[in-house]
Amino acid sequence: MIQPLGPASPFPADWFGLDAVTLAQRLIGAGLYLDGVGGLIVETEAYRRDDPASHSFRGATERNRAMFGAVGRAYVYRSYGIHWCLNIVCDAGEPGSAVLIRALEPNAGLEVMAARRRTAAPRLLCAGPGRLAEALGVDRSHDGADLLAAPFSMTAPNGPFALSAGPRIGITKGVDHSWRFGHAGSRFLSRAFRTGEPG
DNA sequence: TCGTTGATATTCT
DNA sequence: GAATATCAACGAC
């Protein structure tokens with residue numbers, strides 16, 4: 001569990017101007033809430049414009065247009081026809097980057113999440129991008145929404161945290177990058193990391 | 001605990 | 001038509 005060291009402080013909006021890999025690491029430990037329901041980010045993945053695994057690789061389309069818009073906004077897409085997945089758009093000079101939020105350590109609105117997920121096991125509420133979106137109530141209506149304005153809110157990480165890194169999950173291209181990051185040893189991850197070292 | 005598989009919508013070829 | 005940034009149910013051990 002991530003132990004709070006003090007009161008939550010606002011998330012620094014200028015971090016959204018960082019490149020996706022850096023932001024993906026800094027987001028670990030940050031709070032993410034929708035209508036007050038959510039928790040602390042424990043797992044992320046970075047996707048860049050020049051990255052064959054990224055939805056933005058072949059340029060802007062109707063689906064991915066949020067990735068080419070303002071930073072700090074949500075990019076929400078349908079995964080495998082069933083699930084919604086939530087990204088945070090960022091930009092280090094060239095549009096088309098985002099960080100996929102893969103898992104939260106839930107700490108607010110546990111009852112609401114349990115009802116939406118039809119399970120009360122905290123470990124299974126937000127462990128995976130599809131589960132996380134279902135628990136928070138994220139859907140297409142949130143595509144393009146500002147993560148620092150209602151109904152969303154974010155808090156700064158109360159770190160530093162020990163990070164794990166490894167290859168991204170579920171992709172067939174760009175597998176040579178270790179752009180998946182997590183809070184080392186967290187039990188709320190979608191999957192364990194093979195090594196404990198950041199990369 | 002592990003591996004396999006079906007469900008399902010949207011995008012791109 | 002094929003592929004997909006996933007999940008849960010199920011059966012074999």
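Predicted model only: the values in this text are computed from it and were never measured. Per chain, numbering begins at 1; letters A, B, ... match sequence-line order.
- The pair A/Arg116-A/Glu134 does not count as a salt bridge, with every side-chain nitrogen at least 4.0 angstrom from each carboxylate oxygen.
- A/Glu62 has its CD atom 6 Å from the P atom of B/dT11, to the nearest Å.
- Interface residues of residues 84-106 of chain A facing DNA chain C, ordered by number: A/Asn87, A/Leu100, A/Arg102; criterion, heavy-atom separation under 4.0 Å.
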Could you list, one pair per line, each protein nitrogen or oxygen that sits under 3.5 Å from a nitrogen or oxygen of nucleotides 3-8 of chain B, together with the distance?
residue : atom : partner : partner atom : Å
B/dT8   : O2   : A/Tyr80 : O            : 2.3

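- Side-chain atoms of A/Ser97 and A/Asp19, non-hydrogen and from C-beta on, never get closer than 4.5 Å to each other.
- When DNA chain C is scanned in the 5' to 3' direction for atoms under 4.0 Å from non-hydrogen atoms of chain A, the outermost contacting nucleotides are C/dT4 to C/dA8.
- Shown for residues 46-58 of chain A: residues whose heavy atoms fall under 4.0 angstrom of DNA chain C, namely A/Tyr47, A/Ala53, A/His55.
- Of the inter-residue distances, the one linking A/Leu34 atom CG with A/Met113 atom CE reads 10.5 Å to the nearest 0.5 angstrom.
- Of the residues in residues 124-132 of chain A, those placing a heavy atom less than 4.0 Å from an atom of DNA chain C are A/Gly128, A/Pro129, A/Gly130, A/Arg131, in numerical order.
- Between A/Phe11 and A/Phe16, the two ring planes are parallel [angle under 30°; tilted spans 30° to 60°].
- Straight-line distance from the CG atom of A/Asn64 to the C1' atom of B/dA9: 17 Å, rounded to whole Å.
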* Structure fact -> The dot-bracket string of DNA chain C, counting Watson-Crick and G-U wobble pairs with both distances under 3.5 Å, using [ ] for crossing pairs and | for pairs to another strand, is ||||.|||||||.
